[in-house]
Amino acid sequence: MPCTRLNRHSLGPGGVLVGVPEVTERRTSTEVKYLVMAQQAGAGRRYIRAFVSGFFVAVPVTVTVLDRFAYVARVEGASMQPSLNPEGNVTGSDVVLLNRWSVRNYQVRRGDIVSVLSPKNPQQKIIKRVIALEGDFIKTLGYKNRYLRVPDGHFWIEGDHHGHSLDSNSFGPVSLGLVHGRASHIIWPPNRWQRIEPSLPPERKPLLNWHGDTTEEED
């Protein structure tokens with residue numbers, strides 16, 4: 001235990017005590033052990049505080065990076081059957097990986113399945129297939145113009161399940177600026193895991209494209 005000792009020569013004039021107390025510490029091995037443990041615990045707490053503060057700084061960065069490159073989304077509804085959700089909700093909805101990096105310059109291909117901000121509701125994302133690109137001439141399915149040239153800076157999207165899809169046949173060509181990601185894989189459920197390749201139904205090919213190629217179509 002610590003004890004306090006006064007110097008014998010600490011008396012000043014008039015016998016006033018002027019000496020400064022000396023503190024002498026005598027520690028047992030047990031006390032030394034506890035002191036070391038306390039120091040280690042303090043260092044551990046400092047490490048944890050530093051880690052936690054770094055974690056909360058790093059997490060938003062990680063989320064931002066992931067959101068910039070890719071993200072996953074569950075597909076709802078029947079508009080893309082049979083390509084997506086072929087059995088409806090019987091076995092659960094398909095979950096797809098959406099590649100954002102591949103569309104960073106708004107470059108899409110005919111046949112791609114893409115996620116876009118809905119022209120009708122900017123708070124909602126819809127997933128459809130790219131049918132035609134800017135400059136393509138197409139025959140629509142119920143749009144106000146039966147034949148249409150896709151304007152510059154736009155593309156034409158449709159659901160695979162015609163008649164059960166709210167798509168360009170309802171709201172017209174879509175601005176390329178609304179594209180949000182390209183579906184590259186189905187990742188859930190496990191038995192549905194597969195890579196999604198661009199595929200354009202033969203009957204939905206453009207009548208005329210940039211290269212002047214034509215596709216025969218019967219009226």
Side-chain angles (χ1 to χ4, degrees), residues 64-86 93-143 145 147-162 164-187 192-215 217:
T64 300
V65 170
L66 290 176
D67 186 63
R68 182 178 180 85
F69 285 94
Y71 68 102
V72 297
R74 186 175 66 248
V75 179
E76 301 287 353
S79 69
M80 285 301 295
Q81 290 179 347
S83 300
L84 301 175
N85 292 352
S93 300
D94 285 346
V95 176
V96 297
L97 177 66
L98 291 161
N99 187 328
R100 295 206 66 189
W101 184 253
S102 66
V103 297
R104 65 191 183 280
N105 294 322
Y106 308 109
Q107 295 179 343
V108 296
R109 297 167 294 179
R110 299 177 191 87
D112 280 345
I113 295 178
V114 296
S115 169
V116 302
L117 297 177
S118 171
K120 293 291 187 181
N121 180 8
Q123 302 301 319
Q124 181 185 35
K125 296 184 184 71
I126 58 177
I127 188 163
K128 306 293 176 184
R129 188 180 299 279
V130 178
I131 299 299
L133 304 176
E134 56 183 8
D136 287 346
F137 289 87
I138 61 168
K139 183 168 67 176
T140 68
L141 300 174
Y143 189 59
N145 299 324
Y147 296 94
L148 176 141
R149 178 188 179 276
V150 180
D152 293 344
H154 292 70
F155 63 139
W156 188 269
I157 57 174
E158 293 179 355
D160 288 355
H161 196 179
H162 301 305
H164 295 78
S165 174
L166 184 65
D167 52 33
S168 286
N169 288 294
S170 300
F171 44 68
V174 176
S175 171
L176 283 168
L178 296 180
V179 66
H180 198 258
R182 179 179 60 82
S184 61
H185 295 80
I186 299 173
I187 61 175
R192 289 275 296 148
W193 192 96
Q194 60 186 283
R195 182 182 180 88
I196 300 176
E197 299 289 350
S199 177
L200 190 62
E203 69 277 8
R204 297 307 297 142
K205 289 183 178 180
L207 305 176
L208 180 68
N209 59 35
W210 277 110
H211 301 289
D213 299 331
T214 58
T215 302
E217 290 264 346

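Hydrogens, waters and symmetry mates are skipped; everything else that's a heavy atom, side chains included, is used.
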**Student:** First locate atom CG of Leu84, then atom CZ of Arg192, and finally report the distance between them rounded to the nearest 0.5 Å.
**Tutor:**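 The CG atom of Leu84 sits 6.5 Å away from the CZ atom of Arg192.
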**Student:** Nearest 0.5 angstrom please: Ile113 CD1 to Glu197 CD, how far?
**Tutor:**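 Ile113 atom CD1 to Glu197 atom CD measures 10.5 Å (nearest 0.5 Å).
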**Student:** Please check: side-chain N/O of Asn85 versus main-chain N/O of Met80, any donor-acceptor pairing under 3.5 Å?
**Tutor:**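 Not a single qualifying donor-acceptor pair exists.
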**Student:** Does Arg129 use its side chain to pair, donor to acceptor, with the backbone of Ser199 at less than 3.5 Å?
**Tutor:**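 Side chain of Arg129 to backbone of Ser199, a donor-acceptor pair under 3.5 Å: yes, one is there.
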**Student:** Does any N or O in the side chain of Thr140 come within less than 3.5 Å of the main-chain N or O of Asn145, such that one atom is a donor and the other an acceptor?
**Tutor:**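 It does hold such a pair.
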**Student:** Between Val130 and Pro198, is there a side-chain heavy-atom distance shorter than 4.5 Å?
**Tutor:**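 Of all side-chain heavy-atom pairs linking Val130 with Pro198, none is under 4.5 Å.
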**Student:** Specify the closest pair of heavy atoms between Arg182 and Ser102, including all atoms of both residues, with the distance to one decimal.
**Tutor:**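 Looks like NE-OG, 3.3 Å.
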**Student:** Give a yes-or-no answer on whether the side chains of Asn99 and Ser184 include a donor-acceptor pair shorter than 3.5 Å.
**Tutor:**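 Short answer, no.
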**Student:** Test side-chain contact (heavy atoms from CB on, under 4.5 Å) on Val108 and Val103 and set out the steps.
**Tutor:** CA-CA 7 Å; Val108 296; Val103 297; 4.1 Å; yes
**Student:** Do Ser175 and His154 make a side-chain contact, defined as non-hydrogen atoms from C-beta onward lying under 4.5 Å apart?
**Tutor:**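 Touching, per the 4.5 Å side-chain cut-off.
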**Student:** List, one per line, each side-chain donor-acceptor pair under 3.5 Å for residues 115-125, sequence neighbours excluded.
**Tutor:**
residue	atom	partner	partner atom	Å
Ser118	OG	Lys120	N	3.2
Ser118	OG	Asn121	N	3.3
Asn121	OD1	Gln123	N	3.1

**Student:** Between Asp167 and Lys128 (salt bridge meaning N to carboxylate O under 4.0 Å), is one present in this structure?
**Tutor:**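 Salt bridge flag = no for Lys128 with Asp167.
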**Student:** Using every non-hydrogen atom in the two residues, find where Pro86 and Asp94 come nearest and quote the distance to one decimal.
**Tutor:**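 Shortest heavy-atom contact: CD-OD2, 3.8 Å.
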**Student:** Taking the side chain as everything from C-beta on, heavy atoms only, tell me whether Arg110 gets closer than 4.5 Å to Leu133.
**Tutor:**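 They are in side-chain contact.
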**Student:** Could you check whether any side-chain heavy atom of Leu166 comes within less than 4.5 Å of a side-chain heavy atom of Ile126, counting everything from C-beta outward?
**Tutor:**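 A side-chain contact is absent here, since even the closest heavy-atom pair is not under 4.5 Å.
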**Student:** Do Trp156 and Asp136 have side chains that get closer than 4.5 Å, going by heavy atoms?
**Tutor:**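 Side chain of Trp156 against side chain of Asp136, heavy atoms only: no contact under 4.5 Å found.
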**Student:** May I ask you to test the Trp193-Ile186 pair for a side-chain heavy-atom distance under 4.5 Å?
**Tutor:**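 Of all side-chain heavy-atom pairs linking Ile186 with Trp193, none is under 4.5 Å.
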**Student:** Show the numbers, then the answer: is there a side-chain contact (heavy atoms from CB on, under 4.5 Å) between Arg100 and Phe69?
**Tutor:** CA-CA 5 Å; Arg100 295 206 66 189; Phe69 285 94; 6.0 Å; no
**Student:** For the residue pair Ser168 and Val174, what are the closest heavy atoms and their distance?
**Tutor:**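 It is OG-CG2, 3.8 Å.
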**Student:** Check the surroundings of atom OH in Tyr106: do more than 12 heavy atoms from other residues, nucleotides or ligands lie under 6.0 Å from it?
**Tutor:**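 No, OH of Tyr106 has 12 or fewer neighbouring heavy atoms, counting only those of other groups under 6.0 Å.
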**Student:** Would you call Ser165 and Glu158 a side-chain contact if the rule is heavy atoms closer than 4.5 Å?
**Tutor:**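 A side-chain contact is absent here, since even the closest heavy-atom pair is not under 4.5 Å.
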**Student:** Should the heavy atoms of other residues, nucleotides or ligands under 6.0 Å from CZ of Arg74 be counted, would the total exceed 12?
**Tutor:**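 No, CZ of Arg74 has 12 or fewer neighbouring heavy atoms, counting only those of other groups under 6.0 Å.
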**Student:** Locate the shortest heavy-atom distance separating Leu97 from Ala70; write the atom from each residue and the value.
**Tutor:**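 Closest approach of Leu97 to Ala70: CD1-CB, 4.0 Å.
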**Student:** Is there side-chain contact between Pro173 and Glu134, with heavy atoms separated by less than 4.5 Å?
**Tutor:**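 When only atoms from C-beta onward are counted, Glu134 and Pro173 do not touch, as no gap falls below 4.5 Å.
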**Student:** For the CG atom of Leu98 and the CD1 atom of Ile196, what is their distance to the nearest 0.5 Å?
**Tutor:**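 It comes to 8.0 Å.
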**Student:** Any idea which heavy atoms bring Ala132 and Val150 closest together, and the distance?
**Tutor:**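 Smallest interatomic distance, heavy atoms only, reads CB-CG2, 3.9 Å.
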**Student:** Testing the basics here: between Tyr143 and Leu148, what is the closest heavy-atom pair and its distance to 0.1 Å?
**Tutor:**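 Shortest heavy-atom separation between Tyr143 and Leu148 comes out as CE2-CD1, 3.5 Å.
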